[in-house]
Amino acid sequence: MKKQALITGATSGIGRATALRLSAAGYAIIATGRRAERLEALKAEIEAAGGCCTTLVFDVRSEEEVRRFLEPLERVDLLVNNAGLAAGLEHIDRGDTRDWDAMIDTNVKGLLYVTRVIAPKMVAAGGGHIINLGSIAGTEPYENGAVYCASKHAVHAISQSMRADLLASGIKVTEIRPGMVETEFSEVRFHGDKARAAAVYEGVEPLTGADIAEAIAWVAQLPAHMNVNDMVLMPSQQAGSYYTFRKKQ
Ligand code: NDP
Ligand code: 8X3
């Protein structure tokens with residue numbers, strides 16, 4: 001029987017690339033997100049390559065939806081808590097509280113709701129692996145990013161605590177903490193402003209969703225006695241939140 005990988009936020013970017021990569025590694029994929037058509041296209045792509053994919057359309061911000069869609073799952077061997085976003089880039093005195101709610105409700109509460117349903121299944125099964133998408137923003141807060149950075153600091157803290165909580169149950173917890181990855185992330189952050197999103201990557205060769213998926217696939221296949229607690233990945237032109245070397249175009 002194939003191992004089952006549940007990936008939240010598989011309609012785009014890192015989550016989509018991870019679904020494709022883990023399918024190629026032999027996992028049966030359970031792909032989630034809010035955009036049904038995107039999930040159907042992913043399922044078709046996975047099945048055309050000989051893989052197996054179930055899709056679940058729900059919003060991780062709704063505890064009721066998370067429970068309704070995830071409680072019936074019989075087994076999950078690998079959970080990739082990936083769904084997340086940045087909304088806005090503003091000083092604290094000008095931030096839009098609707099953006100703040102979206103980030104906290106998705107990046108923190110959504111990750112917790114999903115974990116609360118899946119972790120007991122792993123405990124009952126006697127093992128599993130949870131991979132959380134953190135960020136360098138989880139340890140290096142930057143100007144204009146108070147709430148996004150706070151949400152990823154929360155993911156960093158939750159990942160460390162849950163690793164301890166689940167230790168005796170044989171469940172591995174890994175946090176993947178990327179720097180700049182070119183996905184729909186910046187377009188979402190700037191509410192659809194493509195030019196402003198493109199400027200984020202000007203003069204830099206950013207990481208891709210596939211780069212992060214490769215790391216996730218590597219971490220997931222390590223032998224039972226070995227875990228990666230925390231992995232920080234960056235483009236080689238970036239040294240951290242505060243240092244990016246941009247080549248002149
Ligand atoms: P994308 O915007 O490309 O993908 C985000 C995914 O999250 C989409 O599939 C989206 O699906 C899903 N999602 C967002 N909100 C919800 C929700 N309420 N319910 C369910 N799914 C949701 O961005 P990335 O791939 O870059 O981001 C993935 C993760 O990686 C995020 O947690 C992000 O913070 C993190 N990250 C990204 C970095 C980057 O530079 N890109 C760097 C460090 C971390 P849909 O809209 O269909 O619901
Ligand atoms: C996404 C990377 O630098 O925008 O987590 O915080 S950054």
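Whatever order the structure lists ligands and atoms in, that order sets their numbers, starting from 1. In this chain, residues are counted from 1 in sequence order.
- Of all protein heavy atoms, the one lying nearest to atom 40 (O) of ligand 1 is Val181 N, 2.9 Å.
- For atom 43 (C) of ligand 1, the closest heavy atom belonging to the protein is Pro178 O, 3.3 Å.
- Between Gly33 and ligand 1, no pair of N/O atoms sits closer than 3.5 Å.
- In this structure, CG in Asp77 is found 7.0 Å from CE in Met122, a value given to the nearest 0.5 Å.
- Between Asn132 and Ser159, the side chains place a donor N or O and an acceptor N or O closer than 3.5 Å (distance only, hydrogens not considered).
- Donor-acceptor pairing under 3.5 Å is recorded for the side chains of Thr11 and Arg35.
- Note that NZ of Lys152 is 11.0 Å distant from CZ of Arg177, once rounded to the nearest 0.5 Å.
- Here Phe58 contributes atom CZ and Thr32 contributes atom OG1; the two are 4.0 Å apart, rounded to the nearest 0.5 Å.
- For ligand 1 and Tyr148, the ligand atoms under 4.0 Å from any heavy atom of the residue are 33 (C), 34 (O), 36 (N), 44 (C).
- If you check which protein heavy atom lies closest to atom 1 (P) of ligand 1, you get Ser12 OG, 3.5 Å.
- Placement of Leu78 and Val66 in two distinct hydrophobic clusters is found when ILVMFWY residues are connected by side-chain heavy-atom separations under 4.5 Å, directly or transitively.
- At a 4.0 Å heavy-atom cut-off, ligand 1 does not touch Tyr201 at all.
- Ranking protein heavy atoms by distance to atom 21 (N) of ligand 1, first place goes to Ala83 CB, 3.6 Å.
- For Ala10, every heavy-atom contact with ligand 1 shorter than 4.0 Å involves the backbone, none the side chain.
- Neither side chain, Thr174 nor Asp230, offers a donor N or O lying under 3.5 Å from an acceptor on the other.
- By the 6.0 Å contact criterion, OH on Tyr142 is enclosed, its count of non-hydrogen atoms from other residues, nucleotides or ligands being greater than 12.
- In terms of protein heavy-atom proximity, atom 28 (C) of ligand 1 is nearest to Asn82 OD1, 3.1 Å.
- In this structure, Arg38 does not count as a contact residue of ligand 1, since none of its heavy atoms falls inside 4.0 Å of the ligand.
- Taking 4.0 Å as the cut-off, Ala17 does not count as a neighbour of ligand 1 on heavy-atom distance.
- When hydrophobic side chains of Ile, Leu, Val, Met, Phe, Trp and Tyr are connected at separations under 4.5 Å, Val232 ends up clustered with Ile136, Met234.
- Those atoms of ligand 1 that come under 4.0 Å of a heavy atom in Gly134, given as number and element, are 43 (C), 44 (C).
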Distances only, to 0.1 Å: what are the N or O pairs between ligand 2 and the protein that fall under 3.5 Å?
unit_1, atom_1, unit_2, atom_2, d
ligand 2, 4 (O), Tyr142, OH, 3.3
ligand 2, 4 (O), Arg189, NH1, 3.3
ligand 2, 5 (O), Ser135, OG, 2.5
ligand 2, 5 (O), Tyr148, OH, 2.6
ligand 2, 6 (O), Tyr142, OH, 2.7

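- If you check the side chains of Asn82 and Thr18, you find no donor sitting under 3.5 Å from an acceptor.
- With a 4.0 Å cut-off on non-hydrogen atoms, Thr106 touches ligand 1 through its side chain and not its backbone.
- Test Glu65, Glu64, Glu63 against Arg67 for salt bridge (Lys or Arg N to Asp or Glu O under 4.0 Å) and you get one pass: Glu63.
- Heavy-atom proximity to Gly13, at under 4.0 Å, picks out these atoms of ligand 1: 3 (O), 25 (O).
- If you check each of Ile176, Asn132, Asn107, Ile14 against atom 37 (C) of ligand 1, the one with the closest non-hydrogen atom is Ile14.
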Evaluate side chain to side chain contact (heavy atoms under 4.5 Å, CB included) for Ile29 paired with Thr54, printing each intermediate quantity in order.
CA-CA 6 Å; Ile29 303 300; Thr54 306; over 6 Å; no

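- By heavy-atom distance, the residue among Ser151, Gly15, Gly84, Ala102 lying nearest atom 5 (C) of ligand 1 is Gly84.
- The CD1 atom of Ile216 sits 9.5 Å away from the CE atom of Met231 when rounded to the nearest 0.5 Å.
- At a heavy-atom cutoff of 4.0 Å, ligand 1 is contacted by the side chain of Lys152 but not by its backbone.
- A salt bridge does not link Arg246 to Glu202: none of the charged side-chain nitrogens sits closer than 4.0 Å to a carboxylate oxygen.
- Polar contact with ligand 1: present for Val60 (N/O pair, distance under 3.5 Å).
- Of the inter-residue distances, the one linking Leu6 atom CG with Ile131 atom CD1 reads 12.0 Å to the nearest 0.5 angstrom.
- At a 3.5 angstrom cut-off on N or O pairs, Ser135 does not count as close to ligand 1.
- Under 3.5 Å, the side chains of Asp59 and Ser62 contain no donor-acceptor pair of N or O atoms.
- The side-chain tip of Arg189 points at the ring of Tyr148 from less than 6.0 angstrom away and within 45° of straight on.
- The protein atom (non-hydrogen) at minimum distance from atom 12 (C) of ligand 1 is Gly9 CA, 3.5 Å.
- When the heavy atoms of Asp59, Thr8, Thr11 are ranked by distance to atom 47 (O) of ligand 1, first place goes to Thr11.
- Ranking protein heavy atoms by distance to atom 23 (O) of ligand 1, first place goes to Thr183 OG1, 3.4 Å.
- Of the protein's heavy atoms, Arg34 NH2, 3.5 Å lies nearest to atom 14 (C) of ligand 1.
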